[in-house]
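Heavy atoms only: backbone and side chains are in, while hydrogens, waters and symmetry mates are out.
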Amino acid sequence: MREWWIHVGLICIPLVAVYLHIPPPQLSPALQKWQSAGQLFHFRGRGIFYRDSYGALGSSDVVILLHGFPTSSYDWNKIWEPLTQRFHRVIALDFLGFGFSDKPRPHRYSIFEQASVVEALVAHLGLSNQRVNLVSHDYGDTVALELLYRSDQNRTGHLTLNSLCLSNGGIFPETHYPRLMQRLLKDSSILSPLLMRLTNFMIFQKGILQYINQRLKHRERWVGALTSTVVPLHMIYGPLDPVNPYPQFIRLYQQLVQRSTITILDEHISHYPQLEDPTGFLNAYFNFIHSF
């Protein structure tokens with residue numbers, strides 16, 4: 001019995017410490033550099049962090065990078081410089097609630113709002129009439145599909161897409177297996193408040209993980225856009241992904257999105273291919289861009 005109470009005590013001490021909001025660690029030098037190279041614009045009164053780098057001369061091509069959950073634009077840091085050597089402008093943002101962007105509390109986050117954030121950034125940068133290339137990952141895949149839907153439906157303020165390159169993400173609810181913590185948080189269980197503090201992520205607010213439920217609710221809209229578009233499509237996929245497992249995910253993708261080309265990276269590459277294999281990711285992307 002005594003041993004049992006010792007274990008309880010050892011568990012409770014860090015829980016109480018986190019609950020009392022122990023300050024987060026200082027930013028690493030690399031993150032400080034990333035932040036200092038960016039700037040903010042305002043969307044509906046909220047500050048949105050973005051980076052906009054001018055690169056290749058003699059080119060007018062623009063690429064916009066959409067990050068995943070629960071991370072930020074820093075996910076693209078390993079391929080940023082090579083992209084600037086190919087594209088005239090390389091742009092990335094932190095979605096509302098992520099990274100260096102504002103994190104309103106309370107707030108019900110949605111894929112539709114994040115897509116509007118991207119459209120507002122494009123307008124802010126004077127690129128509304130520019131054909132843009134999208135590269136997306138994870139959560140960003142779903143935002144990209146909403147942008148694709150708006151583009152194909154010619155919605156007001158939509159992006160004009162030149163191409164879309166997706167990477168590991170829960171495009172299909174039926175082949176998406178969220179981790180245990182994601183399932184607990186998305187369903188607003190009684191554990192959510194404690195888990196939000198334990199994870200030390202301000203973005204784990206009520207509603208932030210509802211994108212998983214939104215994917216299911218709006219599957220016809222987003223998968224329909226993917227299967228019907230004439231925009232050039234490519235998928236870069238790390239097959240060791242536990243969230244979107246091989247071969248179920250890629251088989252369904254091949255079956256439903258027959259116009260898309262696909263790159264399956266080495267068998268040891270998992271959910272973050274742009275970080276785990278930046279060279280392979282870039283080679284696959286540049287081959288795609290040069291194919292049309």
Side-chain angles (χ1 to χ4, degrees), residues 21 23-53 62-80 83 89-128 132 134-147 150 157-159 167 169-170 182 185-186 192 195-197 199-212 214-215 272 274-275:
H21 298 287
Q26 294 293 315
L27 294 178
S28 68
L31 276 173
Q32 290 178 3
K33 182 178 179 181
W34 186 266
Q35 184 181 31
S36 66
Q39 50 195 311
L40 294 176
F41 87 104
H42 285 86
F43 173 82
R44 299 174 184 171
R46 309 293 188 183
I48 303 296
F49 174 85
Y50 71 95
R51 284 197 61 181
D52 178 14
S53 293
V62 175
V63 63
I64 300 175
L65 311 173
L66 306 179
H67 69 81
F69 179 94
T71 49
S72 71
S73 58
Y74 189 68
D75 281 358
W76 306 107
N77 76 94
K78 289 187 177 181
I79 64 172
W80 191 267
L83 287 175
R89 290 175 81 171
V90 181
I91 299 163
L93 76 158
D94 290 349
F95 291 125
L96 182 67
F98 295 76
F100 296 120
S101 292
D102 282 352
K103 302 167 183 65
R105 306 174 63 179
H107 190 80
R108 184 162 292 276
Y109 296 86
S110 77
I111 294 298
F112 301 101
E113 182 180 44
Q114 304 289 18
S116 296
V117 169
V118 178
E119 290 175 336
L121 174 60
V122 168
H124 173 75
L125 296 177
L127 296 172
S128 297
V132 300
L134 286 183
V135 179
S136 61
H137 172 247
D138 187 76
Y139 182 91
D141 285 351
T142 310
V143 178
L145 294 184
E146 173 59 20
L147 292 167
R150 297 182 186 187
H158 69 85
L159 274 64
S167 59
Q182 289 179 315
L185 287 168
K186 82 176 179 66
S192 294
L195 288 172
M196 284 189 286
R197 296 183 187 278
T199 52
N200 202 30
F201 286 120
M202 293 288 287
I203 60 171
F204 282 152
Q205 287 300 313
K206 184 178 180 180
I208 191 68
L209 266 162
Q210 290 303 309
Y211 77 93
I212 297 175
Q214 291 168 28
R215 282 172 174 164
Y272 286 87
Q274 76 276 33
L275 294 173

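Here the closest non-hydrogen pair linking Asp141 and Ser136 is OD1-OG, 2.7 Å. Residues Phe43 and Ala120 approach most closely at CD1-CB, 3.6 Å, considering heavy atoms. Pairing each heavy atom of Tyr109 with each of Gln214, the nearest pair is O-NE2, 3.3 Å. Residues Ala30 and Tyr74 come closest through the heavy atom pair CB-OH, 3.2 Å. In this structure, Ser53 and Arg51 approach most closely via the heavy-atom pair OG-NH2, 3.7 Å. Residues His67 and Asp75 approach most closely at CB-OD2, 4.3 Å, considering heavy atoms.
Leu127 has its side chain within reach of Arg89: a pair of non-hydrogen atoms, C-beta onward, lies under 4.5 Å apart. Residues Leu65 and Trp80 form a side-chain contact, since some pair of their non-hydrogen atoms from C-beta on lies under 4.5 Å apart. Put simply, the side chain of Trp76 does not reach to within 4.5 Å of the side chain of Leu83, judged on heavy atoms. Under the 4.5 Å side-chain criterion, counting only non-hydrogen atoms from C-beta, Leu159 is in contact with Glu119. Side-chain atoms of Leu275 and Asn77, non-hydrogen and from C-beta on, do get closer than 4.5 Å to each other. Side-chain contact between Val122 and Val62 is absent, with no heavy atoms from C-beta onward closer than 4.5 Å. Looking at Glu113 and His107, their side chains come closer than 4.5 Å, going by heavy atoms from C-beta outward. In this structure the side chain of Glu146 never reaches within 4.5 angstrom of the side chain of Ser110, judged on heavy atoms.
Using the six-membered ring where Trp is involved, Phe41 and Tyr50 have ring planes that are perpendicular, over 60° apart on the 30 and 60° scheme.
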Output a table of donor-acceptor pairs, distance under 3.5 Å, between side-chain atoms of residues 90-98 and any protein atom two or more places apart or on a different chain; print 'none' if there are none.
from: Asp94; atom 1: OD1; to: Ser73; atom 2: N; distance (Å): 2.8
from: Asp94; atom 1: OD1; to: Ser73; atom 2: OG; distance (Å): 2.6
from: Asp94; atom 1: OD2; to: Phe100; atom 2: N; distance (Å): 2.7

